[in-house]
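Chain identifiers are assigned alphabetically (A, B, ...) following the order of the sequence lines, protein sequences preceding nucleic acid strands; residue numbering begins at 1 within each chain.
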Number of protein chains: 2
Amino acid sequence: MVLAKTTLFDSDLQEAAQLYKALGHPARLQILRYLADTKSCITGDISEELPLSRTTVNQHLTELKKAGLIQGHVNGKRTNYCLNPEKVKVLKKIYKSFIEEIEANNLEC
Amino acid sequence: MVLAKTTLFDSDLQEAAQLYKALGHPARLQILRYLADTKSCITGDISEELPLSRTTVNQHLTELKKAGLIQGHVNGKRTNYCLNPEKVKVLKKIYKSFIEEIEANNLEC
DNA sequence: AATATTTGACGTATATTTGCGTCAAATTAG
DNA sequence: CTAATTTGACGCAAATATACGTCAAATATT
């Protein structure tokens with residue numbers, strides 16, 4: 001690779017790719033779904049919901065946080081992870097414009 | 001890693017993650033956008049549209065093909081890459097159910 | 001038939017992701 | 001205060017992704 005060429009692309013493409021990438025692992029999708037299903041924030045023991053160790057789950061949580069899709073609030077001994085509605089909005093917007101661009105054409109070969 | 005634990009997840013999560021993953025690189029997004037913008041199929045020289053070598057672009061094309069988002073048709077010396085509308089439909093469906101699940105709740109911490 | 005173009009296959013190097021165990025700091029409970 | 005719980009930081013190993021050069025097969029051109 002030598003150099004990370006990712007930065008050579010339009011910033012909107014970079015932002016979009018970063019978000020999709022965050023969604024690109026079943027564990028992270030399951031975490032998000034779990035958040036939605038239980039209608040609550042996460043307090044620690046999500047690792048028992050996943051077939052992965054606590055350490056690994058924590059890593060996925062960190063990545064979702066880095067992507068901005070969830071937020072962590074420390075609450076004493078526990079940490080509460082919650083969805084970030086603002087970032088979900090951004091995702092929706094990005095996806096919408098992407099799919100509209102794609103859908104606009106019925107390509108024939 | 002030792003073992004790929006990806007297979008331990010629900011197949012729908014796996015399928016979704018695989019699609020999002022394919023979208024998780026700016027080069028691949030740009031390729032898809034280029035396909036849409038030019039309202040045509042790709043015949044070879046997309047690498048000139050990207051800040052990457054032909055070899056690398058070809059690799060990204062292969063990945064998009066593997067994900068099913070595009071199809072390649074050999075046409076003599078050239079190869080035509082086209083969007084696969086069926087897979088785009090699948091993506092839309094997957095994304096829709098995902099975002100609806102997420103959106104259903106206004107989580108408060 | 002000989003040459004040029006186009007493409008994917010292959011190999012390689014580096015970067016990143018994935019997964020886990022261990023440990024230490026912070027916090028809570030007893 | 002001491003012991004237990006919870007979490008993130010750190011390090012490590014293996015797998016994947018990213019990027020590219022080179023080469024060979026297929027096709028088109030001359």
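OP1 or OP2 of C/dG8 sits under 4.0 Å from a side-chain N or O of B/N58. The shortest distance between the side-chain N/O atoms of B/Y81 and the OP1/OP2 oxygens of C/dT6 is not below 4.0 Å. Between B/H60 and the phosphate of D/dA17, there is no side-chain N or O to OP1/OP2 separation shorter than 4.0 Å. For A/S53 and C/dG19, the shortest distance from a side-chain N or O to OP1 or OP2 is not below 4.0 Å. OP1 or OP2 of D/dA17 has at least one side-chain nitrogen or oxygen of B/K21 nearer than 4.0 Å.
Residue contacts shown for B/E63 are limited to sugar-phosphate atoms, with no base heavy atom under 4.0 Å away.
When the nucleotides D/dG8, C/dC20, C/dT7 are ranked by their closest atom to the side chain of A/T56, C/dC20 comes out on top.
For A/I46 and D/dG8, the CD1 to C1' distance is 13 Å, given to the nearest whole Å. Nucleotide C/dT17 holds its P atom 14 Å from the CG atom of A/L23, rounded to whole Å. Rounded to whole angstrom, the span from the CG atom of B/L64 across to the C1' atom of D/dA17 amounts to 14 Å. Atoms NZ (B/K66) and P (D/dT16) sit 10 Å apart, rounded to a whole Å. For the pair B/E48 CD and C/dT5 P, the interatomic distance rounds to 13 Å; values are reported in whole Å. Here the P atom of nucleotide D/dT6 and the CG atom of A/L61 are 15 Å apart, to the nearest Å. One atom, CG of B/N80, and another, P of C/dT6, lie 14 Å apart when rounded to the nearest Å. Counting to the nearest Å, the C1' atom of D/dT18 and the CD atom of A/Q14 are 15 Å from each other.
Partners of B/Y95 under the ring-ring contact (aromatic ring centres under 6.0 Å, His included) rule, at least two apart in sequence or in another chain, are A/Y95.
Aromatic ring pairs are classed by plane angle as parallel below 30°, tilted from 30° to 60° and perpendicular above 60°; the pair A/F9 and B/H25 is perpendicular.
Taken from CG in B/L19 to CG in B/L91, the straight-line distance is 5.5 Å, to the nearest 0.5 Å. With rounding to the nearest 0.5 angstrom, the CD1 atom of A/I46 is 11.0 Å from the CG atom of A/L52.
Between B/H25 and B/N75, the one whose closest nucleotide on DNA chain D sits nearer the 5' end is B/H25. Take the nearest nucleotide of DNA chain C for B/K77 and for A/K77: the residue whose nucleotide is more 5' is B/K77.
At a cut-off of 3.5 angstrom, counting only N and O atoms as typed in the model, there is a donor on one side and an acceptor on the other between the side-chain of A/R54 and the base of D/dG8. Residue-to-nucleotide contacts include a donor-acceptor pair under 3.5 Å from the side chain of A/T55 to the base of C/dG21.
Taking both residues in full, the closest heavy atoms of A/A36 and B/E101 are given as CB-O, 3.3 Å, listed atom of the first, atom of the second, then distance.
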